[in-house]
Amino acid sequence: MTLSSVKSAILSIGISLPSKVLTNKDLEKILNTSDSWITERTGIKTRHILEDQELISTHAIKAAKKALEKANLSPKDLNLIICATFTPDYLMPTLSILVQEGIGALNAGVFDISATCSGFIYGLSIADQFIKNNPNWKILVVGAEALSRKINWKDRSTCILFGDGAGAVVVGKSPSQESGIIDFVLGAIPNNWSLLTLKGGGSCFAPFDERLPKEEYFIKMQGKEVFKIAVKTLEEVTLTLLKRNKITPERIDLLIPHQANLRIIEFLRKKLKLSKEKVYVNIQKYGNTSAASIPIALYEAQKKNKLKKNNLILSVAFGGSFTFGGILIKW
Ligand code: UT7
């Protein structure tokens, strides 16, 4: 077997969500908003939110333990842990070292990647490359976000969108040559990042720098502009992957898009002429959980028996820093 013929596959999935649920009705009490506006403009009904003292690393660790258990692996079998997040507990230590410690994966190298909502697809693609060169490796890819900590709860146009959560997958050599990760697209659009930012906490401004207004310690977004670029980009990524692999849209068994806005998902579904059954949607329950949204959706889809052997699964994402990604998997 040549190295390039090795395919990687998702061997198992685990998730963990904070138990506290914030409904649109709860938001009506603190903001000038309404359940009907949020539902119509975004599709979101509820989102899971960390309690004051709760950490996202706790959920990343729980999701990782569940994924390992399902794969019948010991933490010591892991060679690498990749955490996709832009809201780790701390800048240092990374989330990945906290997961390594928390599960006892003493033989694993660890690093975080920051690619916002596309982070999980970036992580899977990186894992795929490692498996091609080290077919016996087992890699944990985690998507985990604590967005509630980075939201300006006074900004009704953004705070209603986001939720917290974690998902983890174990990636290894595919048990069959026919199944596994087939192809991926990664990219980013230059000159637009200022439409969606989180400036505070980086090295541009010293902590508590008086030049930086307080709002800059939270996510700021020009939603309408981001929306337009998101729909266009997701369509382009999807069509690139399909064309390159000579696959017509009707051959997709399940589209798992990043869950940012139901209207974005619907736009893509209609462009591809897919039935509702072929597109996984759970934004109504969780809102936008950024890098965690795709592993959470994958987990639920598998639970509902929507990931059947040999199914063609396409997952696409777009997010802050204007990163995008798409991945085609034969299950
Ligand atoms: O994952 C990263 C990628 N993120 C995205 O892809 C998000 C993309 N953007 C969006 O999802 C949408 O643009 C939003 C949901 C953020 C906003 O929806 P929109 O249809 O673009 O609304 P808008 O910003 O154009 O606002 C329309 C109106 C405005 O009022 P006026 O100026 O028409 O009087 C807003 O002030 O809706 C108002 N508005 C609200 N009203 C009630 C904005 N937020 C709210 C709210 N409740 N929460």
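Both counts, for ligands and for their atoms, begin at 1 and track the order of listing. Sequential numbering from 1 along the given sequence is applied to the chain's residues. Note that these values count all heavy atoms, side chains included, but never hydrogens, waters or copies made by symmetry.
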Chemist: Can you sort out which atoms of ligand 1 are near Ala260, meaning under 4.0 Å from one of its heavy atoms?
Modeler: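 This gives 1 (O), 6 (O) as the contact atoms.
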Chemist: Please identify which atoms of ligand 1 are closer than 4.0 Å to at least one heavy atom of Arg263.
Modeler: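 Answer for ligand 1: 18 (O), 19 (P), 20 (O).
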Chemist: From atom 37 (O) of ligand 1, is the closest protein heavy-atom distance below 4.0 Å?
Modeler: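 So far as the 4.0 Å threshold goes, atom 37 (O) of ligand 1 is in reach of a protein heavy atom.
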Chemist: Counting only heavy atoms closer than 4.0 Å, does ligand 1 sit against the backbone of Thr42, its side chain, both, or neither?
Modeler: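 The answer is the side chain.
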Chemist: I'd like to know if Glu69 pairs up with Lys66 as an ion pair, taking the criterion as any Lys NZ or Arg NE/NH1/NH2 lying under 4.0 Å from an Asp or Glu carboxylate oxygen.
Modeler: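 Lys66 and Glu69: not salt-bridged.
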Chemist: Is there a side-chain contact between Leu80 and Asn134, using heavy atoms and a 4.5 Å cut-off?
Modeler: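 Not in contact.
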Chemist: Quick one: does any side-chain atom of Thr85 pair with a main-chain N or O of Ala144 as donor and acceptor, under 3.5 Å?
Modeler: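 Such a contact is found between Thr85 side chain and Ala144 backbone.
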Chemist: Within the structure, does at least one protein heavy atom fall under 4.0 Å of atom 11 (O) of ligand 1?
Modeler: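 It does: a protein heavy atom is found less than 4.0 Å away from atom 11 (O) of ligand 1.
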Chemist: Would you mind checking which non-hydrogen protein atom is closest to atom 22 (O) of ligand 1, with the distance to 0.1 Å?
Modeler: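 Closest protein heavy atom to atom 22 (O) of ligand 1: Trp37 CZ2, 3.9 Å.
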Chemist: Which bit of Thr116 gets closer than 4.0 Å to ligand 1, counting heavy atoms only: side chain, backbone, both or neither?
Modeler: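 Neither part.
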Chemist: Can a salt bridge be assigned to the pair Arg269 and Glu266 using a cut-off of 4.0 Å between side-chain N and carboxylate O?
Modeler: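 Judged by the 4.0 Å cut-off on N to carboxylate O distance, Arg269 and Glu266 do form a salt bridge.
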Chemist: Kindly say whether Ser148 contributes a backbone atom to a donor-acceptor pair with the side chain of Trp153 at under 3.5 angstrom?
Modeler: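 Yes, because the side chain of Trp153 sits within donor-acceptor range (under 3.5 Å) of the backbone of Ser148.
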Chemist: In the protein, what heavy atom is nearest to atom 35 (C) of ligand 1, and what distance, to one decimal place, separates them?
Modeler: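 Minimum-distance protein heavy atom for atom 35 (C) of ligand 1 reads Arg156 NH2, 3.9 Å.
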Chemist: Spell out, as yes or no, whether a donor-acceptor pair under 3.5 Å connects the side chain of Glu235 to the backbone of Leu268.
Modeler: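 No.
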Chemist: Classify the ring geometry of Phe130 against Phe111: parallel below 30°, tilted from 30° to 60°, perpendicular beyond 60°.
Modeler: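 Because their plane-to-plane angle lies in the 30° to 60° range, the rings of Phe130 and Phe111 count as tilted.
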Chemist: Looking at Lys308 and Asp253, is there a salt bridge between them, counting it only when a charged N and a carboxylate O are closer than 4.0 Å?
Modeler: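 No, no charged N to carboxylate O under 4.0 Å.
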Chemist: Look up atom 29 (C) of ligand 1 and tell me if a protein heavy atom lies less than 4.0 Å from it?
Modeler: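 Given the 4.0 Å limit, the answer for atom 29 (C) of ligand 1 is no, no protein heavy atom qualifies.
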Chemist: Could you find the nearest protein heavy atom to atom 14 (C) of ligand 1 and give me its residue, atom name and distance?
Modeler: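 Result for atom 14 (C) of ligand 1: Asn261 ND2, 4.5 Å.
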Chemist: At a non-hydrogen distance cut-off of under 4.0 Å, which region of Phe227 contacts ligand 1 (side chain, backbone, both, or neither)?
Modeler: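 Phe227 to ligand 1: contacts from backbone and side chain alike.
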Chemist: Determine yes or no for a side-chain-to-main-chain donor-acceptor pair under 3.5 angstrom, with Lys278 supplying the side chain and Ile252 the backbone.
Modeler: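 Yes.
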Chemist: Considering only protein heavy atoms, which is closest to atom 47 (N) of ligand 1, and at what distance to one decimal place?
Modeler: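 Going by distance alone, atom 47 (N) of ligand 1 is nearest to Thr33 OG1, 2.6 Å.
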Chemist: Please check if the side chain of Thr23 supplies one atom and the backbone of Thr46 the other of a donor-acceptor pair under 3.5 Å.
Modeler: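 No; zero donor-acceptor contacts below 3.5 Å.
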Chemist: Mind checking whether Leu31 contacts ligand 1 via backbone (N, CA, C, O), side chain (CB onward), both or neither, at a 4.0 Å heavy-atom cut-off?
Modeler: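 None of Leu31 does.
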Chemist: Please indicate, with yes or no, if any protein heavy atom is found under 4.0 Å from atom 19 (P) of ligand 1?
Modeler: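 So atom 19 (P) of ligand 1 has protein heavy-atom neighbours under 4.0 Å.
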Chemist: Any chance NZ of Lys285 has more than 12 other-residue heavy atoms, nucleotides or ligands included, within less than 6.0 Å?
Modeler: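 Enclosed: over 12 neighbouring heavy atoms sit under 6.0 Å from NZ of Lys285.
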Chemist: Nearest to atom 16 (C) of ligand 1 by heavy atom, Ser36, Ser293, Ser157: which?
Modeler: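 Heavy atom nearest to atom 16 (C) of ligand 1 belongs to Ser157.
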Chemist: Which of the atoms in ligand 1, numbered in the order shown and given with their element, are less than 4.0 Å from a heavy-atom of Ile264?
Modeler: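 Those of ligand 1 that fall under 4.0 Å from Ile264 are 6 (O).
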Chemist: Do Gln302 and Ile10 touch side chain to side chain, with heavy atoms closer than 4.5 Å?
Modeler: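 Not touching, per the 4.5 Å side-chain cut-off.
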Chemist: Quick test: of every protein heavy atom, which one is nearest to atom 5 (C) of ligand 1, and how far off is it to 0.1 Å?
Modeler: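 Its nearest protein heavy-atom neighbour is Val226 CG1, 3.8 Å.
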Chemist: Short check: is a protein heavy atom less than 4.0 Å from atom 32 (O) of ligand 1?
Modeler: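 Not a single protein heavy atom is under 4.0 Å away.
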Chemist: Of all the atoms in ligand 1, which lie at a distance below 4.0 Å from a heavy atom belonging to Asn288?
Modeler: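 That gives atoms 1 (O), 2 (C) of ligand 1.
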Chemist: What protein heavy atom lies closest to atom 2 (C) of ligand 1? Include the residue and the distance to one decimal.
Modeler: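 The protein heavy atom lying closest is Cys117 SG, 3.6 Å.
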Chemist: Which residue and atom name correspond to the protein heavy atom nearest atom 23 (P) of ligand 1, and how close is it?
Modeler: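 Checking every protein heavy atom, the shortest distance to atom 23 (P) of ligand 1 gives Lys224 NZ, 4.2 Å.
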Chemist: Provide, to 0.1 Å, the distance between atom 9 (N) of ligand 1 and the closest protein heavy atom, together with that atom's residue and name.
Modeler: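 Minimum-distance protein heavy atom for atom 9 (N) of ligand 1 reads Gly223 O, 3.1 Å.
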Chemist: What I want to find out is whether Lys7 reaches Asp128 closely enough, with some N-O distance under 4.0 Å, to be called a salt bridge.
Modeler: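 Looking at Lys7 and Asp128, the cut-off is not met.
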Chemist: Check whether any N or O atom of Ile38, backbone or side chain, sits under 3.5 Å from an N or O atom of ligand 1, and answer yes or no.
Modeler: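 No; every N/O pair is 3.5 Å or more apart.
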Chemist: Test side chain to side chain donor-acceptor pair (under 3.5 Å) on Lys304 and Tyr280; report intermediate values, then the result.
Modeler: CA-CA 11 Å; Lys304 291 181 181 166; Tyr280 197 81; 3.1 Å; yes
Chemist: Which of the numbered atoms in ligand 1 are below 4.0 angstrom from a heavy atom of Arg41?
Modeler: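 Counting atoms of ligand 1 from 1, those under 4.0 Å from Arg41 are 20 (O).
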